[in-house]
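Step one of this worksheet: look at the structure below.
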Protein chains: 2
Amino acid sequence: MSVQSVDRALDILEALADQGGEAGLSEIAARTGLPYGTIHRLLQTLLNRGYVRQESDRRYALGGSLVRVGGVAEGMVGGWAEPYLTKMVELSGETANMAVLEGDFVVYVAQVPSPRRLRMFAEVGRRVLPHSTAVGKVLLADRADAAAVFGRTGLPRRTEHTITSVERMLAELAAVRECGYAMDLGEEELGVHCLAVPVSDGDRVVAGMSVSGPAERIDALDRDELARGLRKIADDFGAEAFGSGR
Amino acid sequence: MSVQSVDRALDILEALADQGGEAGLSEIAARTGLPYGTIHRLLQTLLNRGYVRQESDRRYALGGSLVRVGGVAEGMVGGWAEPYLTKMVELSGETANMAVLEGDFVVYVAQVPSPRRLRMFAEVGRRVLPHSTAVGKVLLADRADAAAVFGRTGLPRRTEHTITSVERMLAELAAVRECGYAMDLGEEELGVHCLAVPVSDGDRVVAGMSVSGPAERIDALDRDELARGLRKIADDFGAEAFGSGR
DNA sequence: AGTGGTTTTCCATATTATGGAAAGGGATGC
DNA sequence: GCATCCCTTTCCATAATATGGAAAACCACT
């Protein structure tokens with residue numbers, strides 16, 4: 001039903017992404033379990049098309065052709081998310097956002113604003129560091145290399161509530177994994193609180209969705225109940241947009 | 001030397017991207033020249049992995065899995081661009097940027113700042129609309145659906161110099177195609193001028209590189225000569241990062 | 001120079017993808 | 001409400017295509 005060689009080529013691309021975009025042939029072999037000869041041949045093909053690039057030290061890296069295709073895809077996904085974000089707005093009364101991780105940044109790719117007078121607005125396209133946002137936390141909670149990300153970006157203080165210690169942050173991420181949602185209590189912007197839930201493709205967290213609003217309004221909601229509702233919506237979206245088969 | 005089915009799968013992905021991220025099976029067939037049965041089977045595979053999604057009207061669209069992989073690739077490309085951007089800084093004395101189109105936005109993916117005291121700074125990660133920037137113009141000049149983009153985004157006035165009419169903008173894009181570079185004369189920010197050149201994968205424009213600085217300094221340079229120099233650098237980079245084979 | 005760990009190439013084999021043609025769906029017009 | 005047209009999906013016999021083990025080449029250390 002599926003074309004084997006294409007499936008395997010995608011495995012290789014994903015293995016490369018998992019390793020941060022760069023890996024040697026044997027690392028790919030370890031991760032995918034495919035025989036060397038096969039991987040090498042598949043890599044040649046991806047190389048010819050610019051989907052993979054070979055560094056001077058013979059290691060392989062994700063290539064430029066993916067940027068264009070990925071960019072177009074990102075626009076699509078943002079569009080599909082809107083009905084789901086709308087449900088989140090209905091459920092919470094607050095502005096809903098979707099964001100993905102791009103390199104070490106959180107990028108907002110879609111938004112549906114709250115109907116209220118006082119509301120969060122126009123985040124689409126914004127790039128922020130993950131440590132001070134609720135979506136950032138759900139996105140990193142799933143990644144084994146979260147500590148490495150903090151090593152590169154640091155945890156700059158944005159407000160008096162920002163978590164600036166790596167240990168405390170890792171503990172926070174553990175808590176997020178535990179309860180399945182993340183909060184931002186004025187850590188990015190004073191007076192703004194958010195609750196974020198993960199969007200999964202059934203295997204890994206690929207995006208986050210959140211609602212954000214004035215601290216008092218968010219705090220007035222029942223977190224666990226709200227989180228349950230949002231998770232449901234996010235799961236539906238994940239299944240629709242990313243799921244399919246596997 | 002290359003795995004046929006993988007090659008074809010990539011053709012399909014690219015055909016989809018060419019059509020703005022969405023197409024019917026027969027449109028893909030028209031574009032790629034592949035037989036229906038083959039395309040369908042390949043699409044099934046991509047569907048199973050979330051690289052393609054099927055809309056309710058049975059059309060196909062680029063899928064969510066590309067977002068993650070594309071995001072990682074984007075980080076890589078930004079890194080490789082730096083030596084080339086450095087050359088641009090040496091040539092022009094001004095800050096150099098690289099940007100790509102993501103959905104309808106221009107996203108800056110890499111920067112090398114000018115050594116001067118007064119300089120442009122820290123644009124990486126910023127997302128702006130294409131109409132008011134030089135890179136945006138070179139990126140759109142290559143796209144047949146530029147008018148559709150403006151339909152969605154509008155051409156909001158950023159300064160008194162911003163081009164806000166679609167006709168004038170399309171004329172500008174034609175001029176850009178003609179001379180091979182684009183200018184921004186304070187259209188995004190007063191007093192800031194830029195000159196941008198396209199980065200091509202040998203077939204299509206995939207990114208833009210630009211230098212930006214204070215109006216007086218940029219205006220003092222010989223545009224055509226500078227553009228020639230920048231093009232050379234951009235071409236080298238395009239060949240290295242996106243080219244390879246085909 | 002020697003050694004260990006890679007990456008790359010090769011080639012006979014049968015597994016795997018191929019594509020033409022026919023069946024199935026949906027929409028549009030009469 | 002029915003027929004028509006166009007687009008999508010399925011099928012299957014064929015051979016072209018991808019496979020993967022093993023050997024060779026390469027590189028980086030020491």
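All values below were derived from every heavy atom in this structure, side-chain atoms included, with hydrogens, water molecules and symmetry-related copies excluded. Each chain gets a letter, A, B and so on, in the order the sequences are listed, and its residues count up from 1.
- In this structure, B/Q54 reaches the D/dT9 phosphate: one of its side-chain N or O atoms is under 4.0 Å from OP1 or OP2.
- Counting heavy-atom neighbours within 6.0 Å of B/R168 CZ, excluding the residue itself, gives a total of 12 or less.
- Taking each heavy atom of A/S5 and B/V6 in turn, the nearest pair found is O-CG2, 3.5 Å.
- Taking atom CG of B/L47 as the reference point, atom C1' of D/dT9 lies 13 Å away to the nearest angstrom.
- Under 4.0 Å is where a charged nitrogen must lie from a carboxylate oxygen, and between B/D18 and B/R204 at least one such pair does.
- Taking the C1' atoms as reference points, C/dC11 lies 16 Å from D/dA16, given to the whole Å.
- Remark: P of C/dG19 and CD1 of B/I12 are 11 Å apart, rounded to the nearest angstrom.
- A residue-by-residue look at A/D57 and A/S5 shows that A/S5 has its nearest nucleotide of DNA chain D further toward the 5' end.
- Counting to the nearest Å, the P atom of D/dA16 and the CZ atom of B/R41 are 16 Å from each other.
- The separation between A/L25 atom CG and C/dT8 atom C1' is 9 Å, rounded to whole Å.
- A close approach under 4.0 Å does occur between a side-chain nitrogen or oxygen of B/H40 and OP1 or OP2 of D/dT9.
- Closest approach to the B/L42 side chain among C/dT18, C/dA17, D/dC7 is made by C/dT18 (side chain taken as heavy atoms from C-beta onward).
- Rounded to an integer number of Å, the gap from B/L34 CG to C/dT18 P is 9 Å.
- The residue among B/G37 and A/A23 whose nearest nucleotide of DNA chain C lies closer to the 5′ end is A/A23.
- Residue A/Q4 has no polar side-chain atom (N or O) positioned under 4.0 Å from OP1 or OP2 of D/dA18.
- Between B/T38 and C/dG19, a side-chain N or O to OP1/OP2 separation shorter than 4.0 Å is present.
- The phosphate of C/dT7 has OP1 or OP2 within less than 4.0 Å of a side-chain N or O from A/S26.
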Practice prompt. Test A/V52 against A/L13 for side chain to side chain contact (heavy atoms under 4.5 Å, CB included), laying out the working first.
Written response: CA-CA 8 Å; A/V52 152; A/L13 250 20; 3.9 Å; yes
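- Taking atom CG on A/L43 and atom P on C/dT6, their separation rounds to 16 Å, with Å as the unit.
- D/dG20 atom P lies 10 Å from atom CD1 of A/I39, rounded to whole Å.
- Of all the heavy atoms in A/L139 and A/L101, the pair that sits closest is CD1-N, 3.8 Å.
- Among the heavy atoms of the strands lying under 4.0 Å from A/R8 are primed sugar atoms or P, OP1, OP2 only; no base atom is included.
- Rounded to whole Å, atom P of D/dC7 lies 11 Å from atom CZ of B/R59.
- In terms of phosphate contacts, B/Y60 brings a side-chain nitrogen or oxygen within less than 4.0 Å of OP1 or OP2 of D/dT9.
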